[in-house]
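Below: the structure, in structure tokens.
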Protein chains: 2
Amino acid sequence: MKLSTRGRYAVMAMVDLAAHTEDGKPVSLADIAERQEISLSYLEQLFGKLRRGGIVKSVRGPGGGYVLGRAAGETRIADIVLAVDEPITATRCQLGTSVGCRGNRSRCATHDLWEELSHQIHLYLSSVSLADVVARRVLGAPGVARDAVGRVA
Amino acid sequence: MKLSTRGRYAVMAMVDLAAHTEDGKPVSLADIAERQEISLSYLEQLFGKLRRGGIVKSVRGPGGGYVLGRAAGETRIADIVLAVDEPITATRCQLGTSVGCRGNRSRCATHDLWEELSHQIHLYLSSVSLADVVARRVLGAPGVARDAVGRVA
DNA sequence: CGATATCCGACCAAAATAGTCAACCGCTCG
DNA sequence: CGAGCGGTTGACTATTTTGGTCGGATATCG
């Protein structure tokens, strides 16, 4: 599981798409680009990957655009991130891979840590659907209080 | 909370430091560099930040090196990552910031999502101590993170 | 003093990211 | 039917981040 701004852009765009879908009418990238202030050409890239990943369907011609591939409640955020962030660069002991940390002396003691962290992230992003974000229903994590960042020591 | 390979390098180095600490003897960066196959100069950068963050203490001169600032059981992985990854670029609606998503039309519906994800990551990395990684005690987190404190090497 | 090791800043090259451009193709509506 | 809308593609560029180097300064032990 890799986290980049690209993934965030993709989610922003998908939320916009889901929020502005009426019946089966496609939404054009130009509309999303304007509303979300993301460049149209960049969106084209992202939606190319989203389409290949089955997250959205495209409708060509006048009045065309993109439609959700599945219902907003069935599309999980993790799906979107995975579709645009794909292959993993496999440098050393990377977040999403099992390979990498070759068997040198200390045999990458941190491997399990990253593996588990990656799992945690995937778990969380799989627990939230597109519909949840549109409805601003994202907090629901059981029993976690405030405090996010902001310690300097 | 930002996740980069830099943070991973720092954790790898810290694990090595913790694992090779005997009594109060400092460990030299040259040793860590050789064992972990990380360039010495790069390690110097990282340990400069770790020292400023209070994670390690330095001992100069021959026979010098670095010593843990706190006991391995008291140093959480999140501390290490925060020390080296610090400032956050604040582009748009970033992972660790509350600022960014300016009040345009849809007011960044994804903001809460990233905020909460960041919190989840921080929560997990705070639940694991340096001693845990050295002892390869990192798995077994079913669902959400486990007990954050109460375990010492 | 001199070897050892941290400290510090400037500098650099490669990679990933964010964004652009231009040409193309299918579809629908006038 | 054909013009134009809007998706499709891929190559190309600029910026940022990353990982790493170099050279020197400073501290300290013997």
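In the text below, chain A, chain B and the rest are named by the order of the sequence lines, each starting its count at 1.
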Pairwise 5' ranking along DNA chain C for A:Leu40 and B:Phe47, keeping only the more 5' one: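 Counting from the 5' end, the first nearest nucleotide belongs to B:Phe47.
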
- prompt: Which residue lies toward the 5' end of DNA chain C, A:Glu44 or A:Gly61, if each is placed at its nearest nucleotide?
  reply: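 Whichever sits nearer the 5' end wins; that is A:Glu44.
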
Report the nucleotide, chosen from [options], that has the shortest atom-to-atom distance to any side-chain atom of [X].
X       : options               : value
A:Ser39 : C:dT28, C:dC8, C:dT20 : C:dT20
B:Pro62 : C:dC7, C:dT4, D:dC5   : C:dT4
A:Arg51 : C:dT28, C:dA3, D:dT9  : D:dT9
B:Arg60 : D:dT26, D:dG7, C:dA5  : D:dT26

Indicate, with a heavy-atom threshold strictly under 4.0 Å, whether [X] touches base, sugar-phosphate, or nothing.
X       : value
A:Tyr66 : sugar-phosphate
A:Ser41 : base
B:Ser58 : sugar-phosphate

Atom-to-atom span, [atom1] of [X] to [atom2] of [N] - whole angstrom:
X       : N      : atom1 : atom2 : value
A:Gln45 : D:dT9  : CD    : C1'   : 11 Å
B:Tyr42 : D:dT21 : OH    : C1'   : 13 Å
B:Leu17 : C:dA5  : CG    : C1'   : 15 Å
B:Lys25 : C:dA5  : NZ    : P     : 14 Å
A:Lys49 : D:dT8  : NZ    : P     : 15 Å
B:Ile38 : D:dG20 : CD1   : C1'   : 12 Å
B:Leu46 : C:dC7  : CG    : P     : 13 Å
A:Arg6  : D:dT16 : CZ    : C1'   : 14 Å

Straight-line distance of A:Arg76 CZ to A:Leu82 CG, nearest 0.5 Å: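 A:Arg76 atom CZ to A:Leu82 atom CG measures 9.0 Å (nearest 0.5 Å).
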
message: Both A:Gly48 and A:Gly64 contact DNA chain D. Taking the nearest nucleotide for each, which residue is further toward the 5' end?
response: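 That would be A:Gly64.
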
Pair A:Glu115-A:His111, side-chain donor/acceptor within less than 3.5 Å: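 Looking only at side-chain atoms, A:His111 and A:Glu115 do form a donor-acceptor pair, the distance falling under 3.5 Å.
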
- prompt: If you measure only the distance, is there a donor-acceptor pair under 3.5 Å linking the side chains of B:Trp114 and B:Thr110?
  reply: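 Looking only at side-chain atoms, B:Thr110 and B:Trp114 do form a donor-acceptor pair, the distance falling under 3.5 Å.
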
field: SB check A:Asp85 A:Arg6 (cutoff 4.0 Å)
entry: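 The answer is yes: the pair qualifies as a salt bridge.
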
- request: Indicate whether OP1 or OP2 belonging to D:dG7 is found under 4.0 Å from a side-chain N or O atom of A:Arg52.
  value: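 Negative; the distance criterion is not met.
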
task: Check the angle between the aromatic planes of A:Tyr9 and A:Tyr42 and answer parallel, tilted or perpendicular using the 30° and 60° thresholds.
output: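 If you compare the ring of A:Tyr9 with that of A:Tyr42, the planes turn out perpendicular.
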
